[in-house]
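In this text the structure is predicted, and so the values were computed from the model without any measurement. As a basis for the values below, the full set of heavy atoms in this structure was taken, side chains included, without hydrogen atoms, waters or symmetry mates.
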Amino acid sequence: MTLSPDLLPALAALPVLVPLLGAAGTLVFGRRPRIQAIISLTALSAVLVISGFLLYLADRDGTTAVQVGGWPSPIGITLVVDRLSAAMLLVSAFVLLVVSIYGAGQNISDGDEHQPTSIYRPTYLVLTAGVSAAFLAGDLFNLFVAFEILLAASFVLLTVGATEERIRTGIAYVMVSMVSSLIFLIGIGLTYAATGTLNLAQLAVRLEATPSGVRTACYAVLLVAFGIKAAVFPLSSWLPDSYPTAPAPVTAVFAGLLTKVGVYAIIRTHTLWFPDGAFDNILLVAGLATMLIGILGAIAQNDIRRLLSFTLVSHIGYMVFGIGLASKAGLTGAIFYVAHHILVQTALFLTVGLIERQAGSVSLRRLGGLAAASPLLAILFLIPALNLGGIPPFSGFIGKVALLEAGAADGSVLAWVLVGGSVVTSLLTLYAVARVWSKAFWRPREDAPEGHLTAAKPPTLVEDSTDVYYEDRTDPGRMPVLMVLATTGLVVAGLALTVLAGPVLGIAERAADDLDDPSVYIGSVLGPEAR
């Protein structure tokens, strides 16, 4: 079957519209949780299929700009579908669908009658629309709107159940996000005052004629805003305190996706506005600091969720490393590593949710014997953990090798320092996950300092666990089927990324080719005469 090139403009807005329509449908059936679940999963499945078509068409036909409402660019709302945005849409749609299945399994097991699903599922779909809008936005203002949609939805999801701890961390998260949004708004104001436009493609043209100091100031302000959202050091201290308190599905989505929206914004603006290499060294230094500070923080943790939150920060550094190299090879490695990290990090957080359900805790001081108690759970943790650590032949190893080769090809002193820092970070990551394995899975539970204590209640969307003796639990050893299937699906997807590394790297390389030549993006939005 041959797909018409005219199909892409018709599909471009659907990744945003479909989840918004689904959110409206789930609100209508707020008292019918099963119907809500059907609508939600149908909408997310549709977004996944549409994203797959968009990636196929973008890879075949190149970059396409869609003018919403027929307004000419740069006056109206512009949606841009290229290989990078389509690939990000596809990976995010897959993760959002799988995590939704995981959450549905948790609700079925825990009972819907006490769950705030009437709010949770519509908000989750709004979050999906915000993620899609961020990847498709062709101007700064609508990118800001997409970020605000994410902020509003994420605050609700972080605080669902309204427990004291979740409200406290949710407020801290919102305050940081509001500061980021304020900085973003200031950057938008400065940029518009300097250039008279917010269209990304037109900005790339007009910034060339702008004094270098003004140009640098505008981008510096925006880079701070994007750096907070991407959790780049020293703007990352908020993340380890915000994510671990949320329900397992929420934590998994936030860890896997939300920081990558910030990384995407950095990639898009940096390659469009500064193809001459300005800010490259700053990004390289920030990438190195993010790697090392993040992984050192992970080693010091006894709570598995906090440990993984610090590894999340650390591995953002690899992506910033690739962006800072400002080469085709570096961008290829960064794009591949983004896809790898979304899948692996989400799988690990879902597995931690299963660990808490099985053992009643995620503290290494209380865990032990999980490998003997549940070999399946051990496998679900071990495979993505080794992948995150970069053990060959997993996709983590492939992505890191691509970045190391790009650094070596750069040849600068700073690039070689980053190569060394990347290797050290990889080894320390392996040490961190091996520590979790040895304490939580390998040693007997009675050898844990607090092995006799745990939490009786499985993690839900509402209630927090309370400490009781493990033997008082009534449901040990039971893992809901949908939760296991969803986690297994993500683990298998991580393995598939290893098997299909050649084709995926090919798409990443073609996306990097487009990014390396800003005229491709500019011409698609403003017309061939603007190249």
Side-chain angles (χ1 to χ4, degrees), residues 95-111 115-117 120-121 124 154 157-158 160-161 163 165-166 169 240 242-258 301-309 311-312 342-364 366-367 370-371 373-374 376-385 388 433 436-437 440-441 454-466 473 475-494:
V95 166
L96 287 161
L97 174 61
V98 172
V99 174
S100 183
I101 295 171
Y102 182 99
Q106 179 174 309
N107 290 339
I108 292 171
S109 176
D110 297 337
Q115 301 290 340
T117 52
Y120 172 78
R121 289 195 177 100
Y124 190 87
S154 59
L157 293 175
L158 273 176
V160 68
T163 62
E165 187 177 19
R166 288 178 186 170
T169 57
S242 299
Y243 287 3
T245 61
V250 176
T251 303
V253 165
F254 282 23
L257 283 182
L258 295 198
Q301 302 305 311
N302 278 313
D303 182 286
I304 301 178
R305 278 208 183 103
R306 283 185 62 83
L307 184 151
L308 290 179
S309 296
T311 64
L312 166 62
I342 289 174
L343 296 174
V344 170
Q345 197 78 45
T346 307
L348 282 170
F349 272 98
L350 292 187
T351 303
V352 171
L354 291 174
I355 291 174
E356 187 172 12
R357 172 177 290 276
Q358 289 298 94
S361 178
V362 291
S363 172
L364 294 179
R366 300 184 181 187
L367 295 175
L370 288 177
S374 179
L376 175 59
L377 185 58
I379 292 173
L380 291 178
F381 175 82
L382 183 62
I383 293 175
L388 184 69
V433 295
V436 175
W437 174 262
F441 289 88
T454 187
K457 299 179 182 179
T460 69
L461 293 179
V462 178
E463 299 173 330
D464 278 348
S465 301
T466 55
R473 283 195 61 180
D475 64 341
R478 300 177 185 174
M479 291 192 294
V481 174
L482 284 180
M483 295 175 71
V484 174
L485 288 178
T487 308
T488 303
L490 272 176
V491 173
V492 171

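- Closest approach of G353 and A248 over heavy atoms only: CA-CB, 3.8 Å.
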**Request:** Please report the C-alpha distance between L96 and L257 in whole Å, then the side-chain angles of each, then the deciding distance to 0.1 Å, and finally whether the side-chain contact (heavy atoms from CB on, under 4.5 Å) criterion is met.
**Result:** CA-CA 9 Å; L96 287 161; L257 283 182; 3.6 Å; yes
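- Residues A255 and L312 approach most closely at O-CD1, 3.3 Å, considering heavy atoms.
- Taking OG of S363 as the reference point, atom CZ of R305 lies at 12.0 Å (rounded to 0.5 Å).
- Between I342 and T346, the shortest heavy-atom distance links the atoms O-OG1, 2.6 Å.
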**Request:** Dump the intermediate steps for side-chain contact (heavy atoms from CB on, under 4.5 Å) on L367 and I304, then the final yes or no.
**Result:** CA-CA 10 Å; L367 295 175; I304 301 178; 3.7 Å; yes
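- Residues Y124 and P249 are not in side-chain contact: their nearest non-hydrogen atoms beyond the backbone lie 4.5 Å or more apart.
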**Request:** In sequence, state the C-alpha distance, the side-chain angles, and the governing distance for Q345 and T311, and then conclude on side-chain contact (heavy atoms from CB on, under 4.5 Å).
**Result:** CA-CA 9 Å; Q345 197 78 45; T311 64; 3.5 Å; yes
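- Heavy atoms only, all atoms of each residue included: S154 and L258 are closest at CB-CD1, 4.2 Å.
- The side-chain heavy atoms of L354 and F381, taken from C-beta on, include no pair separated by under 4.5 Å.
- With respect to L490, the side chain to side chain contact (heavy atoms under 4.5 Å, CB included) criterion is satisfied by exactly one of L348, V344, L350: L350.
- Looking at every heavy atom in both residues, V362 comes nearest to D303 through CG2-OD2, 3.4 Å.
- Note that CH2 of W437 is 13.5 Å distant from CG of L364, once rounded to the nearest 0.5 Å.
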**Request:** Please test I355 against F441 for side-chain contact (heavy atoms from CB on, under 4.5 Å), starting from the C-alpha separation and ending with a verdict.
**Result:** CA-CA 10 Å; I355 291 174; F441 289 88; 3.8 Å; yes
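- Taken to the nearest 0.5 Å, the OG1 atom of T351 stands 10.0 Å off from the CE atom of M483.
- Considering every non-hydrogen atom in both V99 and A252, the closest pair reads CG2-CB, 4.5 Å.
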